[in-house]
Amino acid sequence: MLLIQSTFGAIALATSFIGLLPQSWKAFKTKSTQDVSTAMVLNYLLCSIAWIIYGICIKAGFVVSSNVVGLASCLLLLFQKRHYDKTHS
């Protein structure tokens, strides 16, 4: 059972890491985030925070770690959105 939990925890961590990475990379290359929905990014941010709190409450390391990684990706994209949208305004 522990192997199954670890396997799916690793999958969750990997997918959280790469979830917003393609969008961040595209924003970096094009210096534009106009096609990125602010509502979607804010929803992802809220979702990550909620999962982190839940993971802490149930003492689930993979839940916390995968969502911390997702939160970092989300914050990077928000920073890019703020920076590039201001540049193009």
Side-chain angles (χ1 to χ4, degrees):
M1 186 65 164
L2 187 58
L3 179 61
I4 293 171
Q5 289 175 330
S6 295
T7 301
F8 280 101
I11 291 169
L13 183 61
T15 56
S16 289
F17 177 69
I18 60 175
L20 293 176
L21 220 51
Q23 197 68 50
S24 289
W25 180 251
K26 181 181 176 186
F28 175 73
K29 286 181 70 173
T30 64
K31 306 295 187 237
S32 174
T33 55
Q34 292 179 343
D35 59 340
V36 176
S37 165
T38 302
M40 184 273 305
V41 178
L42 291 174
N43 181 63
Y44 196 94
L45 177 78
L46 181 61
C47 182
S48 292
I49 291 169
W51 275 111
I52 290 166
I53 293 168
Y54 175 72
I56 290 169
C57 289
I58 65 167
K59 297 177 177 52
F62 270 122
V63 172
V64 175
S65 60
S66 64
N67 283 286
V68 165
V69 170
L71 180 65
S73 298
C74 182
L75 291 172
L76 172 63
L77 190 55
L78 277 175
F79 171 78
Q80 288 175 308
K81 184 141 183 67
R82 181 172 179 186
H83 177 72
Y84 295 139
D85 284 358
K86 191 183 299 182
T87 303
H88 289 131
S89 296

Side chain [X], main chain [Y], donor-acceptor under 3.5 Å:
X     : Y     : value
Asn67 : Val63 : yes
Ser16 : Ser66 : yes
Gln80 : Ala27 : no

Review point. What residues, two or more places apart in sequence or in another chain, satisfy ring pair (Phe, Tyr, Trp, His ring centres under 6.0 Å) together with Tyr54?
Key: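 Per chain and number, Tyr54 pairs via ring pair (Phe, Tyr, Trp, His ring centres under 6.0 Å) with Trp51.
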Exercise for review: Kindly confirm or rule out a cation-pi arrangement of Lys31 over Phe28, judged by NZ or CZ under 6.0 Å from the six-membered ring centre and within 45° of its axis?
Suggested key: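 Relative to the ring axis of Phe28, which defines the angle, Lys31 lies inside both limits.
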Anything under 3.5 Å between a donor and an acceptor, one on a side chain of residues 3-15, the other on a protein residue two or more places apart or in another chain? List them.
residue, atom, partner, partner atom, Å
Ser6, OG, Leu2, O, 3.0
Thr7, OG1, Leu3, O, 2.7
Thr15, OG1, Ile11, O, 3.0
Thr15, OG1, Ala12, O, 3.2

Point to revise | Interatomic spacing from CG in Leu46 to SG in Cys74 - rounded to 0.5 Å | key: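 It comes to 9.5 Å.
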Check your understanding: What is the distance from atom OG of Ser24 to atom NZ of Lys29, rounded to the nearest 0.5 Å?
Key ->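 Reported value, rounded in 0.5 Å steps: 13.5 Å.
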Check your understanding: Side chains of Thr33 and Gln23: does their closest heavy-atom pair fall under 4.5 Å?
Key ->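 In short, these two side chains do not touch, never coming nearer than 4.5 Å.
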Review point. Which other residues end up in the same hydrophobic cluster as Leu75, if Ile, Leu, Val, Met, Phe, Trp and Tyr are linked when side-chain heavy atoms come under 4.5 Å apart?
Key: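 Other cluster members: Leu20, Val36, Met40, Val41, Leu42, Tyr44, Leu45, Ile49, Ile52, Ile53, Ile56, Val64, Val68, Leu71, Leu77, Leu78.
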Review point. What about Trp25 and Tyr84, same hydrophobic cluster or not, with Ile/Leu/Val/Met/Phe/Trp/Tyr joined at side-chain heavy-atom distances under 4.5 Å?
Key: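 Trp25 and Tyr84: one cluster.
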